[in-house]
J.: 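Got a structure for you, written out below as structure tokens; questions coming shortly.
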Number of protein chains: 2
Amino acid sequence: MAQKDPVLALDNQICFALYALNRAVTARYRPLLAELELTYPQYLVMLVLWEQGAGAESARVSDVGARLRLDSGTLTPLLKRLEERGLLLRQRQADDERVVRLLPTEAGWQLQEKARQVPARLMCGLDVEPQRLMALQQELRSLLAVLEGSAPSD
Amino acid sequence: MAQKDPVLALDNQICFALYALNRAVTARYRPLLAELELTYPQYLVMLVLWEQGAGAESARVSDVGARLRLDSGTLTPLLKRLEERGLLLRQRQADDERVVRLLPTEAGWQLQEKARQVPARLMCGLDVEPQRLMALQQELRSLLAVLEGSAPSD
DNA sequence: CAAAATTAAATTGGGCACAATGTAAATTAC
DNA sequence: GTAATTTACATTGTGCCCAATTTAATTTTG
């Protein structure tokens with residue numbers, strides 16, 4: 001029972017670095033988003049809706065899911081909470097009743113104004129060069145593309 | 001209501017790249033860990049226990065928590081499931097009853113043998129240079145240190 | 001057109017993650 | 001040496017994440 005195996009050392013698992021950093025970043029968002037009464041996944045959903053616009057181009061549940069890589073099991077209850085909070089409407093599409101359209105309300109759009117401060121405030125007091133983050137983001141996105149483009153072997 | 005604000009564009013949020021990649025990596029682990037009947041956080045806990053060893057040096061709940069940055073609200077039920085599965089024992093320390101020691105069972109140690117295949121199999125069929133991942137891991141760890149070393153301003 | 005297949009969401013259930021609170025044991029301060 | 005504090009876990013409750021199943025609407029096929 002060789003206990004010390006560098007292959008299994010926690011510090012050698014890149015996945016753990018990713019997991020830990022992701023939670024640390026989320027934790028840093030938390031107090032800022034609390035001022036908007038949003039959780040972090042709710043914030044991401046609102047970003048998608050704000051981006052998408054209104055009317056006929058309004059996002060469907062599946063659009064948000066495709067963008068965020070989340071399924072209806074996650075999104076349906078989350079969206080219901082956002083609706084209860086008055087930030088959006090969930091409306092069945094008339095000519096295809098399978099589809100649910102997501103329409104930000106006036107309050108939902110107003111929240112966007114407050115949200116604009118979030119990204120800058122997040123970096124506040126963090127001594128990290130923006131350039132470094134840009135490079136990291138590129139690398140993360142590139143790896144995501146690799147993972148999404150190749151099925152697990154086996 | 002300026003809808004298009006690059007500051008709020010999903011693709012400009014490094015946090016989202018991190019969030020999405022983390023889930024994609026976890027998803028890639030899932031089928032491999034399913035063969036060990038472990039979830040991903042359970043796997044991380046077992047990595048810590050295997051690293052820690054047995055006896056007097058056995059890990060306490062708080063040791064695992066410090067290593068993985070998880071609190072007892074997360075760990076207690078997770079550890080109970082691992083105990084029910086026969087992978088470890090949770091034992092109150094005799095000379096300080098506040099402390100719970102975590103002792104891998106024989107089955108827990110045997111699982112380590114099977115786990116050794118996991119890291120290599122994860123990379124299987126993934127066309128990414130190891131060097132690139134090492135560099136990324138360094139960067140992730142460095143940023144985690146920055147985040148953990150500075151309180152949110154405000 | 002009617003049956004079969006597909007699609008879009010919703011539901012159910014298990015397992016994290018975390019805040020807040022509770023509880024018991026140990027430590028410290030007087 | 002007792003009271004106050006601290007420490008280590010456990011518990012409770014909310015919300016996410018995902019697999020599996022269900023339901024209803026639409027599309028495709030024969």
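Below, all heavy atoms of this structure are taken into account, side chains as well, without hydrogens, waters or symmetry copies. Letters A, B, ... are given to chains in the order of the sequence lines, protein chains preceding strands, and every chain is numbered from 1.
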J.: Between Asn12(A) and Pro6(A), is there a donor-acceptor pair closer than 3.5 Å when you use the side chain of the first and the backbone of the second?
T.: yes
J.: Check the side chains of Gln93(A) and Arg101(A) for a donor-acceptor pair under 3.5 angstrom, ignoring hydrogens and angles.
T.: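 Arg101(A) vs Gln93(A): donor-acceptor pair found between side chains.
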J.: Can you identify which nucleotide, out of dG15(C), dA8(C), dA25(C), has its nearest atom closest to the Gln42(B) side chain?
T.: dG15(C)
J.: Separation of Leu33(B) atom CG from dA19(D) atom P, in whole Å?
T.: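 The answer, rounded to whole Å, is 13 Å.
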J.: What is the distance from CZ of Arg60(A) to C1' of dT7(C), rounded to the nearest Å?
T.: 10 Å
J.: Is there a path of hydrophobic side-chain contacts, each under 4.5 Å between heavy atoms, that joins Val99(B) and Leu88(B)?
T.: no
J.: Rounded to the Å, how far apart are Leu68(A) CG and dC18(D) C1'?
T.: 15 Å
J.: Within the supplied structure, the quantity of interest is the number of heavy atoms (other residues, nucleotides, ligands) at a distance under 6.0 Å from Met123(A) CE; does it exceed 12?
T.: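 Counting other residues, nucleotides and ligands, CE of Met123(A) exceeds 12 neighbours.
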J.: Give the nucleotide from the list dT27(C), dA19(C), dA10(D) with an atom nearest to the side chain of Arg30(A).
T.: dA19(C)
J.: Counting only side-chain heavy atoms from C-beta out, which of dA10(C), dA8(D), dT26(D) sits nearest to Arg98(A)?
T.: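 Of all the options, the side chain of Arg98(A) is nearest to dT26(D).
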J.: What nucleotide, of dC16(C), dA10(D), dC18(D), holds the atom closest to the side chain of Val100(B)?
T.: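 So the nucleotide nearest the side chain must be dA10(D).
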J.: Give, ordered by number, those residues of residues 10-22 of chain A having at least one heavy-atom distance below 4.0 Å to an atom of DNA chain C; if nothing qualifies, reply none.
T.: Tyr19(A)
J.: Select one nucleotide: of dC16(C), dA9(C), dC18(D), the one nearest the side-chain heavy atoms of Arg23(B).
T.: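 From the listed options, dC18(D) comes nearest.
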J.: Grab the CG-C1' distance between Leu102(B) and dA8(D) for me, whole Å please.
T.: 12 Å
J.: For residues Leu136(A) and Val146(A): do they belong to one hydrophobic cluster (side chain heavy atoms under 4.5 Å, members Ile, Leu, Val, Met, Phe, Trp, Tyr)?
T.: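 Yes, same cluster.
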J.: Rounded to the nearest Å, what distance is computed from the CD atom of residue Glu37(A) to the P atom of nucleotide dG15(D)?
T.: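 Computing the Glu37(A):CD to dG15(D):P distance gives 12 Å.
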J.: Tell me whether the side-chain N/O atoms of Thr39(B) come closer than 4.0 Å to OP1 or OP2 in dC16(C).
T.: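 So the side chain of Thr39(B) is within the cut-off, an N or O lying under 4.0 Å from OP1 or OP2 of dC16(C).
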J.: Can Arg121(A) and Tyr29(A) be said to form a side-chain contact (heavy atoms from CB on, under 4.5 Å), step by step?
T.: CA-CA 9 Å; Arg121(A) 288 180 63 199; Tyr29(A) 269 96; over 6 Å; no
J.: Compare every heavy atom of Leu75(B) with every heavy atom of Leu70(B), then report the nearest pair and how far apart it is.
T.: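 Of all heavy-atom pairs spanning Leu70(B) and Leu75(B), the closest is O-CD1, 3.7 Å.
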J.: Taking CG from Leu78(B) and P from dC16(C), how many angstroms apart are they, rounded to a whole number?
T.: 4 Å
J.: On DNA chain C, compare the nucleotides closest to Val99(A) and Ala27(A); which residue's is nearer the 5' end?
T.: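 Whichever sits nearer the 5' end wins; that is Val99(A).
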J.: Tell me which residues in residues 81-97 of chain B put a heavy atom below 4.0 Å from DNA chain D, sorted by number, or none.
T.: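 Arg90(B), Arg92(B), in order of number.
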J.: Measure from the side chain of Thr74(A), starting at C-beta and using heavy atoms only, and say which of dT11(D), dA8(D), dC18(D) lies closest.
T.: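 Nearest nucleotide to the side chain: dC18(D).
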J.: Could you work out, with side-chain contact (heavy atoms from CB on, under 4.5 Å) as the rule, every residue matching Ser72(B), not counting sequence neighbours?
T.: Thr76(B)
J.: What contact category does Leu75(A) fall into here, base, sugar-phosphate, or nothing, at under 4.0 angstrom with non-hydrogen atoms?
T.: nothing
J.: Give Ser72(A) one of three labels, base, sugar-phosphate or nothing, depending on what nucleic acid heavy atoms sit under 4.0 Å from its own.
T.: base
J.: If Ile, Leu, Val, Met, Phe, Trp and Tyr residues are connected whenever their side-chain heavy atoms lie under 4.5 Å apart, and connections chain through other members, are Leu10(B) and Leu111(A) in the same group?
T.: yes
J.: Of the options dA8(C), dA10(C), dA17(C), whose atoms approach the side-chain atoms of Leu70(B) most closely?
T.: dA17(C)
J.: Do the side-chain N or O atoms of Ser62(B) get closer than 4.0 angstrom to the phosphate oxygens (OP1, OP2) of dC9(D)?
T.: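 The answer is yes; a side-chain N or O of Ser62(B) sits under 4.0 Å from OP1 or OP2.
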J.: Is it the case that Ser150(B) and Arg28(A) place a side-chain donor and acceptor less than 3.5 Å from each other?
T.: yes
J.: Output yes when at least one side-chain N/O atom of Lys80(A) is less than 4.0 Å from OP1 or OP2 of dT11(C), else no.
T.: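 So the side chain of Lys80(A) is within the cut-off, an N or O lying under 4.0 Å from OP1 or OP2 of dT11(C).
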